[in-house]
Amino acid sequence: MKEKEEQKEYSYKHPHPAVTTDCVIFCFDGKELNVLLVQRGVEPFKGAWAFPGGFLHMDETANQCALRELKEETNLSPEHLEQFHTFTDVDRDPRERVITIAYFALVKKREVIGGDDATVAKWFKMNEIPRLAFDHDFIFRKALTALKEKIHFEPIGFELLDEEFSMPDLQRLYEAILDVKFDRRNFQKKMIQMDILEESPSNEKNVNKTGRSKNKKWRFIPQKYEDMKRQKAFRLEF
């Protein structure tokens with residue numbers, strides 16, 4: 001009886017791993033994707049760049065942990081994080097056996113501030129990303145793959161644009177995510193045929209001498225997209 005009373009809370013006779021979360025946060029600067037990194041202020045990999053994240057507390061879910069760590073290390077609080085993979089390689093962390101649950105999110109670019117055990121938080125353009133700590137280079141590649149797959153099934157990315165946007169704005173965003181170049185006319189035709197966009201009322205006030213709108217603006221219609229998903233299997237092919 002005494003032995004049971006002295007047993008530590010959460011202890012178990014079999015070895016078990018620690019659990020962390022890591023967040024791959026993308027933004028769009030109008031021309032290309034950026035990704036959010038933090039510079040580690042503690043060992044291991046002190047001074048190296050990594051994704052914001054940390055150890056799961058006993059009283060929180062993985063999603064709560066990801067949001068907390070992101071807020072503590074970057075002062076960023078996205079409305080939604082999407083879990084995309086769990087990384088379980090045995091030697092991925094030199095401290096101990098660690099499993100990480102990884103999330104990604106797309107947000108509008110805003111100021112970030114390093115905090116907690118992150119000395120600096122900073123946005124990096126895709127071609128300027130340094131070598132990352134732990135296995136975060138692998139996590140990054142997995143996140144990009146998940147993002148590119150998802151864009152074919154859901155209209156992600158609209159949250160990175162203003163409420164009203166031009167078709168060239170939307171095309172640059174999709175080109176940045178998929179790392180391809182589209183024909184302007186074909187891209188516009190396909191997007192309009194999807195019937196999830198509507199012209200902005202402001203177009204009527206901005207016409208040229210021929211009566212055509214200049215710099216035509218569009219809006220995303222979430223309800224139309226939800227209706228379309230219910231009616232048929234959705235896959236956007238370019």
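Sequence positions, counted from 1, serve as the residue numbers for this chain. None of these values were measured; they are calculated from a predicted model.
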Does [X] use its side chain to pair, donor to acceptor, with the backbone of [Y] at less than 3.5 Å?
X: R68; Y: E72; value: no
X: E73; Y: G53; value: yes
X: H80; Y: P78; value: no
X: K108; Y: C27; value: no
X: E175; Y: F182; value: yes
X: Q39; Y: G47; value: yes

Any side-chain heavy atom of [X] within less than 4.5 Å of one from [Y]?
X: F165; Y: L197; result: yes
X: K216; Y: E199; result: yes
X: F55; Y: V98; result: yes
X: F124; Y: P130; result: yes
X: L106; Y: L147; result: yes
X: T21; Y: N63; result: no
X: W49; Y: I129; result: no
X: L144; Y: F26; result: yes

*What's the verdict on salt bridge (charged side-chain N to carboxylate O under 4.0 Å, His left out) for E198 and K224, showing C-alpha distance, side-chain angles and the deciding distance?*
CA-CA 10 Å; E198 65 180 0; K224 282 282 189 73; over 6 Å; no
Is there a path of hydrophobic side-chain contacts, each under 4.5 Å between heavy atoms, that joins [X] and [Y]?
X: I25; Y: F134; result: no
X: V107; Y: I151; result: no
X: L70; Y: V42; result: no
X: I101; Y: F138; result: no
X: L67; Y: L36; result: yes

Calculate, to the nearest 0.5 Å, the distance between atoms [atom1] and [atom2] belonging to [X] and [Y] respectively.
X: S166; Y: K217; atom1: OG; atom2: NZ; value: 5.0 Å
X: I221; Y: D195; atom1: CD1; atom2: CG; value: 6.5 Å
X: M167; Y: M191; atom1: CE; atom2: CE; value: 7.5 Å
X: K189; Y: R184; atom1: NZ; atom2: CZ; value: 13.5 Å
X: K142; Y: F87; atom1: NZ; atom2: CZ; value: 6.5 Å
X: L160; Y: I177; atom1: CG; atom2: CD1; value: 6.5 Å

_Once salt bridge (Lys or Arg N to Asp or Glu O under 4.0 Å) is applied, what residue pairs with a partner in residues 112-124 remain, sequence neighbours excluded?_
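Residue pairs passing salt bridge (Lys or Arg N to Asp or Glu O under 4.0 Å), neighbours aside: none found.
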*asked:* Show every side chain to side chain donor-acceptor pair (under 3.5 Å) that has at least one partner inside residues 90-104, sequence neighbours left out.
replied: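 Applying side chain to side chain donor-acceptor pair (under 3.5 Å) to every pair that reaches into residues 90-104, excluding sequence neighbours, yields T20-T100, D22-T100, Q83-Y103, R92-D135, D93-R95.
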*Hey, can you tell me if F51 and H136 have their rings parallel, tilted or perpendicular (30° and 60° cut-offs)?*
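Judged by the thresholds at 30° and 60°, the geometry between F51 and H136 is parallel.
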Minimum heavy-atom distance [X]-[Y], with the two atoms named:
X: L132; Y: A50; answer: CD2-N, 4.4 Å
X: A102; Y: I139; answer: CB-CG2, 4.4 Å
X: T119; Y: G41; answer: CG2-CA, 3.5 Å
X: E163; Y: R219; answer: O-CG, 3.7 Å
X: G54; Y: C65; answer: O-SG, 3.8 Å
X: R110; Y: W123; answer: O-NE1, 2.8 Å

_Full working for side chain to side chain contact (heavy atoms under 4.5 Å, CB included) between V35 and F140_ = CA-CA 9 Å; V35 68; F140 180 56; 4.2 Å; yes
*asked:* Before you tell me yes or no, could you show the steps for K125 and D29 under salt bridge (charged side-chain N to carboxylate O under 4.0 Å, His left out), namely the whole-Å CA-CA distance, both residues' side-chain angles and the distance that decides it to 0.1 Å?
replied: CA-CA 9 Å; K125 296 181 184 298; D29 63 10; 2.8 Å; yes
_As a quick check of understanding, evaluate side chain to side chain contact (heavy atoms under 4.5 Å, CB included) for E159 and E79, giving each step before the final call._
CA-CA 11 Å; E159 61 266 43; E79 293 183 4; over 6 Å; no
*Over 12 non-hydrogen atoms of neighbours within 6.0 angstrom of NZ in K109*: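 Count over threshold, so yes.
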*K150 and F104: CA distance, side-chain angles, deciding distance, side chain to side chain contact (heavy atoms under 4.5 Å, CB included) verdict*: CA-CA 11 Å; K150 190 173 179 63; F104 75 79; 3.8 Å; yes
